[in-house]
Asks: 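This is the structure I have questions about; it appears just below.
Hydrogens, waters and symmetry mates play no part in the numbers below; they use all other heavy atoms, side chains included. Chain letters run A, B, ... following the sequence lines, proteins first and then strands; every chain starts at 1.
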Amino acid sequence: MSAEQVSFLDRKLAAGPYPLDTLRHSTAHLMASAVQKLWPGTRFGVGPSIEHRFYYDFAFPEGVRLTDEDLPRIEQEMRRIANEKRPFSCTTVSRDEAKQRLAAMGQPYKLEILSGILEGEPITFYSHGDWQDLCEGPHVASTEQLKHFKLLSVAGAYWRGDEKRDQLTRLYGTAFWSKDDLDSYLAYLEECEKRDHRTLGRSLDLFSIHPEVGPGFIFWHPNLAIPRRAIEEFWWSEHQRRGYQPVYTPHLASEELFKVSGHLQNYGDLMYSPMDIDGQNYRVKPMNCPGHIKIFQSQIRSYRDLPIRYAELGTVYRYERSGVLHGMLRVRGFTQDDSHIFCTHEQLEGELVGVLELVKFLVRTFGYQFRAYLATRPEKSIGGNEVWEHATRALGNAAERTGISTEVDPGGGAFYGPKIDFKLKDALGREWQGPTVQCDFNLPERFALEYVGKDNLRHRPVMVHRAVLGSFERFVGGLVEHFSGRFPLWLSPVQIALIPIKDEQEEYCRSLRETLVFEGFRAQVYAQGTNLNQRVKAAQQDQVPYMAVCGGREVESKAVSLRLRTGENRGAMSFESFVAMLKEKRAAKALDL
RNA sequence: GCCGGUGUGGCUCAAUGGUAGAGCACCUGCCUUGUAAGCAGGUGGUUGCGGGUUCGAUUCCCGCCGCCGGCUCCA
């Protein structure tokens with residue numbers, strides 16, 4: 001399935017007599033009743049509908065452990081119960097009555113939920129057949145309507161998301177109003193799995209992780225390091241033309257630095273233990289900002305110097321619990337495309353405009369759509385009202401001036417300032433965490449940053465943290481999935497495969513390669529294997545965008561026979577026009593071939 | 001970290017309480033080829049690590065490590 005055809009997330013789903021959430025929640029009830037039937041004595045947690053899916057948490061009787069293999073059994077039981085065509089019915093009861101019922105049913109978690117229901121709110125039970133559950137509903141009319149569902153996975157989950165409390169078994173499933181939608185969703189899940197950057201990372205030789213070296217640390221192979229470098233070069237040239245200055249900062253710093261910055265106090269959990277150097281504690285940096293601040297502070301700054309924009313591809317290390325590591329997307333060491341802008345309050349809005357323009361440009365180059373969220377002041381925060389208002393307004397204005405529509409995320413800001421976060425939408429319609437632009441009133445304060453104003457007095461600058469790609473690990477891992485391993489020309493590790501039909505044409509291919517390499521292209525002669533099919537196959541498997549097949553005819557006319565990795569065969573074209581086309585596609589960073 | 005699952009040659013996977021097998025990849029030879037798998041042969045594994053049960057374990061049990069699905073958190 002190609003990205004263009006994968007449309008589940010954009011698909012208009014069949015409507016039923018009730019909203020999908022209701023359908024799914026009812027299916028969760030159905031699942032719970034089936035589980036109850038199969039494992040009497042099971043206690044129930046919660047069973048809500050979530051995006052695309054539903055789940056229900058269970059505490060199974062002593063000794064019962066569920067695995068994926070149990071899912072078909074449960075599904076079967078669900079279908080059996082559904083076929084009984086029982087209506088869902090609702091009864092409102094008094095608190096005492098509810099307590100009695102739940103106690104009789106032996107449902108401690110439900111009792112806890114009951115105690116959380118506020119006085120005056122209705123207490124309702126929903127039942128189908130002889131199964132009932134404390135639930136606020138709503139539900140579909142009858143189990144008869146529950147047809148197109150599928151159980152997906154079993155996992156652990158803490159009661160109320162609190163790791164100090166019981167661990168329950170969570171069953172995930174999904175349900176739709178039409179078989180078509182269900183199939184389409186399952187196909188979508190399959191496509192996601194196929195695109196998984198860990199799978200592609202293996203088959204395309206992109207990266208590796210070596211547990212014996214350390215989990216959560218990425219080794220970039222040439223096939224991924226090449227696109228990364230292309231991105232870095234692009235990234236840097238775009239920053240340079242926008243007045244950013246490069247800086248480099250050390251990976252180790254005296255612990256004192258992180259005490260001043262507050263990271264040690266606030267983010268101590270994610271920092272690695274100190275190492276002793278000459279009796280002094282040092283830490284590996286978890287963030288780049290303190291380093292940039294020290295550069296800012298290395299001399300007295302005048303208002304004439306501002307704004308100062310420092311940019312660094314800064315590698316940081318953060319402790320992540322072993323269970324959360326995930327390929328390139330969640331790691332313990334990563335390189336941020338970090339930048340810090342020091343400016344006056346008056347300059348803030350203009351600076352933000354510049355950042356947002358850059359964000360828009362970079363993100364679109366990769367073919368992502370995005371959504372922006374303006375996160376405002378949270379309850380726990382520092383700084384005066386007028387400062388917050390000014391910065392929040394600056395963010396809003398900047399978004400408006402750059403034509404970026406934002407949704408407001410009330411109270412979602414950092415404690416140190418408001419921000420705009422971007423969510424990227426990939427080729428499958430999935431959302432990824434994207435760029436972030438954050439105003440910071442805290443660090444300038446903690447480090448007592450100053451510049452000398454026109455009035456010859458000391459003033460405190462504003463600081464803007466911003467990352468466009470986020471981290472190279474996560475961003476490129478995401479790109480692999482976005483492109484399904486088929487990078488556009490400008491990113492492809494091998495851009496052109498020169499394929500001799502017979503060994504006689506190998507020399508010709510080598511000479512074309514030389515020209516291409518001279519022109520700055522990454523070209524390889526595919527002479528492995530023993531026949532054309534094998535060579536084409538190898539180039540296809542490597543996802544090389546352009547295959548230049550060369551036989552006797554091509555040699556004679558100084559041409560190539562062009563095949564795209566899409567399978568399209570464009571036939572013969574002169575080598576000269578081939579190179580011209582490549583140059584054009586490369587310069588445009590074209591997403592198509 | 002926690003719950004559950006899982007760990008066999010480079011990759012994907014099979015098998016068995018009696019010291020492992022296939023496909024792909026790789027190597028060699030034949031074929032000299034017009035757009036995704038030509039033919040034949042061959043190399044390669046102390047079955048994640050440690051311990052236990054057993055006459056004997058890769059297969060059963062325990063511990064550790066990694067990985068996978070989640071919980072929580074984030075770039």
Asks: At under 4.0 Å between heavy atoms, what does A:Q534 touch on the DNA or RNA strands: base, sugar-phosphate, or nothing?
Replies: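 Since a base atom lies under 4.0 Å of A:Q534, the category is base.
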
Asks: Which residue lies toward the 5' end of RNA chain B, A:G323 or A:F334, if each is placed at its nearest nucleotide?
Replies: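 Residue closer to the 5' terminus by nearest nucleotide: A:G323.
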
Asks: Is B:U43 paired to anything, Watson-Crick or G-U wobble with both distances less than 3.5 Å, and if yes, which nucleotide?
Replies: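 The answer is none; no pair meets the criterion.
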
Asks: Return the minimal non-hydrogen interatomic distance between A:L362 and A:H239, and the atom names on each side.
Replies: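 So the minimum-distance heavy-atom pair works out to CD1-CE1, 4.3 Å.
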
Asks: Using modelled atom types and a 3.5 Å cut-off, is there a donor and acceptor pairing between side-chain atoms of A:N266 and backbone atoms of A:H263?
Replies: no

Asks: In whole angstrom, give me the gap between the C1' atoms of B:C68 and B:G48.
Replies: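 Going atom to atom, C1' in each nucleotide, I get 15 Å.
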
Asks: Mind calculating the distance between CD1 (A:I209) and P (B:C68) to the nearest angstrom?
Replies: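 About 7 Å, once rounded to whole Å.
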
Asks: Quick one: label A:N533 by what it contacts on the DNA or RNA (base, sugar-phosphate, nothing), any heavy atom closer than 4.0 Å.
Replies: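 Contact class for A:N533: sugar-phosphate only.
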
Asks: Taking only the side-chain nitrogens and oxygens of A:K537, find out if one of them lies under 4.0 Å from OP1 or OP2 of B:A37.
Replies: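 Result: no.
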
Asks: Would you kindly give the CZ-to-P distance between A:R318 and B:G1, to the nearest whole Å?
Replies: 20 Å

Asks: Using a cut-off of strictly less than 4.0 Å, decide whether A:S322 has a side-chain nitrogen or oxygen near OP1 or OP2 of B:G1.
Replies: yes

Asks: Contact class for A:L469 (heavy atom, under 4.0 Å): base, sugar-phosphate, or nothing?
Replies: nothing

Asks: With a non-hydrogen cut-off below 4.0 angstrom, is A:V331 in contact with a base, only sugar-phosphate, or nothing?
Replies: base

Asks: Answer yes or no: does a side-chain N or O of A:R563 lie under 4.0 Å from OP1 or OP2 of B:A36?
Replies: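 Answer yes for this pair, as a side-chain N or O of A:R563 is under 4.0 Å from OP1 or OP2.
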
Asks: Within the pair A:R170 and B:G70, is there a side-chain N or O less than 4.0 Å away from OP1 or OP2?
Replies: no

Asks: Is A:Y267 close enough to B:A75 that one of its side-chain N or O atoms is under 4.0 Å from OP1 or OP2 there?
Replies: no

Asks: Quickly work out the A:Q167 CD to B:C71 P distance and round it to whole Å.
Replies: 11 Å

Asks: If you measure from the C1' atom in B:G44 to the same atom in B:C39, how many Å do you get, rounded?
Replies: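 Result for the C1' pair: 22 Å, nearest Å.
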
Asks: Quote, to the nearest angstrom, the P distance that separates B:G70 from B:C11.
Replies: 24 Å

Asks: So, is A:N531 close to the B:U32 phosphate, meaning a side-chain N or O under 4.0 Å from OP1 or OP2?
Replies: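 No, no such contact exists.
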
Asks: Kindly say whether, by distance alone, the side chain of A:Y319 makes a donor-acceptor pair under 3.5 Å with the base of B:G1?
Replies: no

Asks: Any side-chain to backbone donor/acceptor pair from A:D409 onto A:Y373? Under 3.5 Å, distance only.
Replies: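 It does not hold such a pair.
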
Asks: When we call it a touch if two heavy atoms are under 4.0 Å apart, what does A:Q540 touch: a base, just sugar-phosphate, or nothing?
Replies: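 It contacts base atoms.
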
Asks: Looking at B:G70 and A:Y172: do their rings stack (centroid distance under 5.5 Å, interplanar angle under 30°)?
Replies: no

Asks: Write down the distance separating the C1' atoms in B:G52 and B:U72, rounded off to the nearest Å.
Replies: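 It works out to 36 Å between them.
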
Asks: Measuring only the C1' atom in each nucleotide, how far is B:U47 from B:C60? A whole number of Å is fine.
Replies: 15 Å

Asks: To the nearest Å, how far apart are A:L270 CG and B:G1 P?
Replies: 16 Å

Asks: Would you confirm whether A:H25, through its side chain, and A:G47, through its main-chain N or O, come within 3.5 Å as a donor-acceptor pair?
Replies: yes

Asks: Quickly work out the A:R53 CZ to B:C71 C1' distance and round it to whole Å.
Replies: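 Those two atoms, CZ and C1', are 13 Å apart.
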
Asks: Distance check, P atoms only: B:U59 and B:C49, in whole angstrom units.
Replies: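 Pairwise P distance, B:U59 against B:C49, rounds to 11 Å.
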
Asks: Can you tell me the Watson-Crick or wobble partner of B:G1, both distances under 3.5 angstrom?
Replies: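 Base partner found: B:C71.
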
Asks: Between A:E351 and A:R466, does at least one N-O distance fall below 4.0 Å, as a salt bridge requires?
Replies: no

Asks: Please report the distance separating the C1' of B:G23 from the corresponding atom of B:C61, rounded so that it comes out in whole Å.
Replies: 34 Å

Asks: Counting Watson-Crick and G-U wobble pairs only, both distances under 3.5 Å, name the nucleotide matched with B:G50, or none.
Replies: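 Answer to the pairing question: B:C62, which forms a Watson-Crick or G-U pair with B:G50.
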
Asks: Base, sugar-phosphate or nothing for A:R198? Non-hydrogen atoms, less than 4.0 Å.
Replies: sugar-phosphate

Asks: So, A:W159 versus A:D166: side-chain donor-acceptor pair below 3.5 Å or not?
Replies: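 There is no such pair between these side chains.
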
Asks: With a 3.5 Å cut-off and just heavy-atom distances, do the side chain of A:E554 and the base of B:G34 make a donor-acceptor pair?
Replies: yes

Asks: Looking at B:C71, B:G34, B:G69, which one has an atom nearest to any side-chain atom of A:V324?
Replies: B:C71

Asks: Toward the 5' end of RNA chain B, which comes first, A:H326 or A:I501, by nearest nucleotide?
Replies: A:I501

Asks: Rounded to whole angstroms, how far apart are CD on A:Q528 and P on B:C26?
Replies: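 Atom CD in A:Q528 sits about 8 Å away from atom P in B:C26.
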
Asks: Only pairs with both distances under 3.5 Å count, Watson-Crick or wobble alike; so what is the partner of B:G38 in this structure?
Replies: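 Paired with B:G38, as far as the under-3.5 Å criterion goes, is B:C30.
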
Asks: Could you identify the nucleotide paired to B:A22, looking across every strand shown and requiring Watson-Crick or G-U wobble geometry with both distances under 3.5 Å?
Replies: B:U12

Asks: Taking 4.0 angstrom as the limit, do A:R309 and A:D338 come out as a salt bridge?
Replies: no

Asks: Base, sugar-phosphate, or nothing: which does A:G552 touch, judged by heavy atoms less than 4.0 Å apart?
Replies: base

Asks: Does A:R474 get its side chain close enough to the base of B:C74, under 3.5 Å, for a donor-acceptor pair?
Replies: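 Donor-acceptor pair under 3.5 Å: yes.
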
Asks: Measure the distance from CZ on A:R321 to C1' on B:A75 and round it to the nearest whole Å.
Replies: 18 Å

Asks: Answer with base, sugar-phosphate or nothing: what part of the nucleic acid does A:G156 contact at a heavy-atom distance below 4.0 Å?
Replies: base

Asks: When only distance counts, do a donor and an acceptor, one from the side chain of A:E320 and one from the base of B:A75, lie under 3.5 Å apart?
Replies: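 Counting by modelled atom types and ignoring angles, a donor-acceptor contact under 3.5 Å is found here.
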
Asks: Between B:A75 atom P and A:E431 atom CD, what is the distance in whole Å?
Replies: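 Checked: the CD to P distance equals 17 Å.
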
Asks: If the P atom of B:A25 is compared with that of B:A37, how far apart are they to the nearest Å?
Replies: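 12 Å, rounded to whole Å.
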
Asks: Apply ring pair (Phe, Tyr, Trp, His ring centres under 6.0 Å) to the pair A:F334 and A:Y317, showing each step before the final yes or no.
Replies: CA-CA 6 Å; A:F334 53 95; A:Y317 294 87; 8.3 Å; no

Asks: Which nucleotide sits closest to the side chain of A:A155: B:C71, B:G69, B:U32?
Replies: B:G69

Asks: Checking side chain to side chain donor-acceptor pair (under 3.5 Å) for the pair A:T315/A:K285: CA distance, chi angles, key distance, verdict?
Replies: CA-CA 8 Å; A:T315 304; A:K285 67 172 169 178; over 6 Å; no

